[in-house]
Amino acid sequence: MCPSKNDQIFISYSEADEGFKIRLVDILGKNGFKNVWDYKAKIRGGEYVWGRISEAIKESEYFIAILSTSYVASKATRDELERAYYKKTAEGGITIIPVLCGRCDIPPLVEHISHIDFVKNGLREGYKELLASLGRHLEEKTLRQEIPGVLIRAYFDKILTSLEIKRELQINIYHDKEIDQKFLYWDVEAARRWGNLCASPAYELHHISKQILFRHMLDIYNRIAEDSGRKAFDFVNLGVGSGEKDKYILAILTEKAAPSVVRYYPIDLSFPMLQETTKYLGGLLEQNIEVNCVVGDILKLHRYNSILRESNNPKLVAFLGGSLGNFREDDILNEIHKFMDPNDYLILGVECTVGRGDDQLAEEYIGEELKDLVFGPLEQYVDTTEASKARDTFHCEVKQHGNVPNSKTIFMRCRFRGSPITLAFSTKYDKASLMQYLVDRRFSILQHFSGANDQCAKIVLKKA
Ligand SMILES: C[S@@+](CC[C@H](N)C(=O)[O-])C[C@H]1O[C@@H](n2cnc3c(N)ncnc32)[C@H](O)[C@@H]1O
């Protein structure tokens, strides 16, 4: 399974290596990778325009750094590498491929990333390795052991290695950056802690959120079936968690589609979480369901388009559990918008402020199970004594964050190694402002469903 050959590749190189670059671009082009960005080709007159370069890095999927002594010595190329690294760690990803075209000290930022050594292995081997590395980011495996008799295809996005995740976490900690919620659910321990939190009666919001789906899934189905004139849908769930919500949704989709097959695409960063989900769904999967798990990042949804199987059915995409608030709304909604066809539907699960003040909102985030979830990654990856000290200094801060007017984000702050760090956050929306925001983001609202006290809602959308 190859990534799209249309993905943009940014070539970062020093003028002194122009000859090497020209040959490389030629080889890439001959192998189908034609969408290559290098400033000589893209910026007329060779004028160095940082704004355009920075924008190009932002839009690229791959960043090839042609390393040499001139590369390491040049501020311009070091800036490009830093920009790419920032995108990789803070903005949701770019695959950095260091290519060694001359002996030099490897820049510390990419020391931990395996590089392609043209000096040691020669040109022929170097190109072979580079092309393999570009085509190797989604690996397909078949999992049979999870549920006996059920074929589960799993696609692994190779850029999410635990080594890189660990390093990203450490960098975020040391630079006092907000620690992305993906660290909370990453490994087996984390999946267990999430399960414990969901089972705890104290995590009331989760139970309310499940109830809404349980009560209204049939209404949601009827609404989209009526709107589309179709009865079978493929189901894509973004950020599955332990799979409880998938169960309600799949039960209705399979019953209504029978005897047609429902294609189910659970997508999650955490493979253990996907294992939990598939185990939890158990016998249900023996019915007319075809499972294609994707171990991948929602912020790179477009990478997984190639996994979707030929189908005449519209997709039902779900993004539940108040998840919107845990991401950069603009980025995630853009990705979802690009991923959806005009006939597809989206169910968004969101949490609402409903007149609660900051103190009340913060109050909901002080439970012990929640602390376990939040501190788990710290305890796992960094000095545990320090992490438990941090636990004692834990407090919540509530403020407006992101672009949705009148929203409130809960940040969890503590001191770690003497510095403040921001561990995780959740956003609550003012419902009317959120609806307007979704319309501004080119979605049209079909219907919305709320729980008894209006704290949680499920919004059913289409592309406008
Ligand atoms: C708060 S749980 C919600 C689970 C489920 N949607 C629910 O409503 O119960 C968040 C889930 O999203 C996954 N997740 C977080 N960030 C992600 C990302 N960037 N890409 C893919 N999955 C992500 C986590 O691994 C976790 O399983």
Side-chain angles (χ1 to χ4, degrees), residues 88-93 155-157 159-160 162 164-165 168-169 178-200 203-214 217 235-250 265-278 280-281 293-304 317-329 331-336 339 346-351 365 369-370 373-374 376-377 410 412 424-427 451 456-459:
K88 181 176 160 62
T89 55
E91 289 177 358
Y155 298 89
F156 292 80
D157 191 332
I159 60 173
L160 306 168
S162 48
E164 288 191 21
I165 290 273
E168 191 182 326
L169 175 63
E178 279 154 21
I179 294 176
D180 199 298
Q181 67 136 263
K182 68 184 172 200
F183 297 111
L184 304 185
Y185 309 96
W186 174 249
D187 56 16
V188 176
E189 252 310 287
R192 187 191 58 75
R193 283 190 303 264
W194 167 249
N196 289 348
L197 178 63
C198 293
S200 155
Y203 191 19
E204 223 183 310
L205 272 178
H206 184 69
H207 303 293
I208 299 174
S209 163
K210 273 193 303 193
Q211 256 171 24
I212 299 175
L213 207 60
F214 188 57
M217 191 53 221
F235 175 40
V236 184
N237 196 7
L238 309 176
V240 286
S242 44
E244 295 162 284
K245 293 177 184 164
D246 305 52
K247 195 162 193 162
Y248 302 143
I249 299 176
L250 279 168
Y265 302 91
I267 303 185
D268 206 290
L269 261 167
S270 159
F271 180 54
M273 207 63 104
L274 284 166
Q275 283 177 305
E276 284 301 302
T277 303
T278 42
Y280 178 80
L281 293 173
C293 292
V294 182
V295 185
D297 189 339
I298 296 164
L299 285 158
K300 301 190 194 85
L301 212 45
H302 63 281
R303 290 166 68 94
Y304 315 128
V317 182
F319 194 40
L320 302 168
S323 309
L324 182 62
N326 295 317
F327 295 87
R328 285 147 293 179
E329 292 97 347
D331 294 341
I332 189 68
L333 286 173
N334 271 342
E335 277 295 306
I336 294 179
F339 183 73
L346 169 67
I347 315 178
L348 267 190
V350 293
E351 291 170 8
Y365 286 82
E369 284 94 347
L370 197 81
L373 182 78
V374 167
I410 297 116
M412 303 179 186
F425 55 90
S426 167
T427 302
C456 290
K458 303 282 179 265
I459 309 174

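Counting starts at 1 for both ligands and their atoms, following the listed order.
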- With a 4.0 Å heavy-atom cut-off (strictly under), which part of Lys210 contacts ligand 1: side chain, backbone, both or neither? neither
- Task: Check side-chain hydrogen bond (donor to acceptor under 3.5 Å, both in side chains) between Glu276 and all other residues, then give those that pass, not counting sequence neighbours.
- Result: none
- Message: Under 4.0 Å, counting heavy atoms only: does Gly296 come that close to any atom of ligand 1?
- Response: yes
- Query: Taking atom 23 (C) of ligand 1 as the point of reference, which of Leu213, Asn237, Leu269 owns the nearest heavy atom?
  - Reply: Leu269
- For Leu320, which of Ile212, Asp246, Ile249 qualifies under side chain to side chain contact (heavy atoms under 4.5 Å, CB included)? Ile249
- Query: With only distance considered, is Asp268 within less than 3.5 Å of ligand 1 through an N or O on each side?
  - Reply: yes
- Does Phe319 reach ligand 1, in the sense of a heavy atom lying below 4.0 Å from it? no
- Message: Does Val236 form a side chain to side chain contact (heavy atoms under 4.5 Å, CB included) with Phe339? I'd like the steps, not just the answer.
- Response: CA-CA 11 Å; Val236 184; Phe339 183 73; 4.0 Å; yes
- Message: Is there a polar contact between ligand 1 and Lys245, counting only N or O atoms under 3.5 Å apart?
- Response: yes
- Glu244/Lys247 ion pair, N-O < 4.0 Å: no
- Task: Evaluate side chain to side chain contact (heavy atoms under 4.5 Å, CB included) for Lys458 paired with Ser209, printing each intermediate quantity in order.
- Result: CA-CA 8 Å; Lys458 303 282 179 265; Ser209 163; 3.0 Å; yes
- Task: Could you tell me whether Ile267 and ligand 1 have an N or O pair separated by under 3.5 Å?
- Result: no
- Query: Nearest heavy atom to atom 4 (C) of ligand 1: which of Pro272, Gly239, Gly321 does it belong to?
  - Reply: Gly239
- Query: Going by atom types alone, do Asp157 and Tyr304 pair a side-chain donor with an acceptor below 3.5 Å?
  - Reply: yes
- Task: Provide the number and element of each atom of ligand 1 under 4.0 Å from a heavy atom of Met273.
- Result: 27 (O)
- Message: Using side chain to side chain contact (heavy atoms under 4.5 Å, CB included), reason through Ile459 and Leu346 one step at a time and then give a plain yes or no.
- Response: CA-CA 8 Å; Ile459 309 174; Leu346 169 67; over 6 Å; no
- With Lys210 as the cation and Tyr248 as the aromatic partner, state whether NZ or CZ is under 6.0 Å from the six-membered ring centre and within 45° of the axis. no
- Against heavy atoms of Gly241, which atoms of ligand 1 measure under 4.0 Å? 4 (C), 27 (O)
- Task: Report yes or no: does a heavy atom of Glu244 sit under 4.0 Å from some atom of ligand 1?
- Result: no
- Item | Phe271, Trp186, Trp194, Phe183: member with heavy atom nearest to atom 3 (C) of ligand 1 | Trp194
- Query: Taking the six-membered ring for Trp, are the ring centroids of Phe235 and Tyr265 within less than 6.0 Å of each other?
  - Reply: no
- Near Leu320, which atoms of ligand 1 are under 4.0 Å from a heavy atom of that residue? 6 (N), 8 (O)
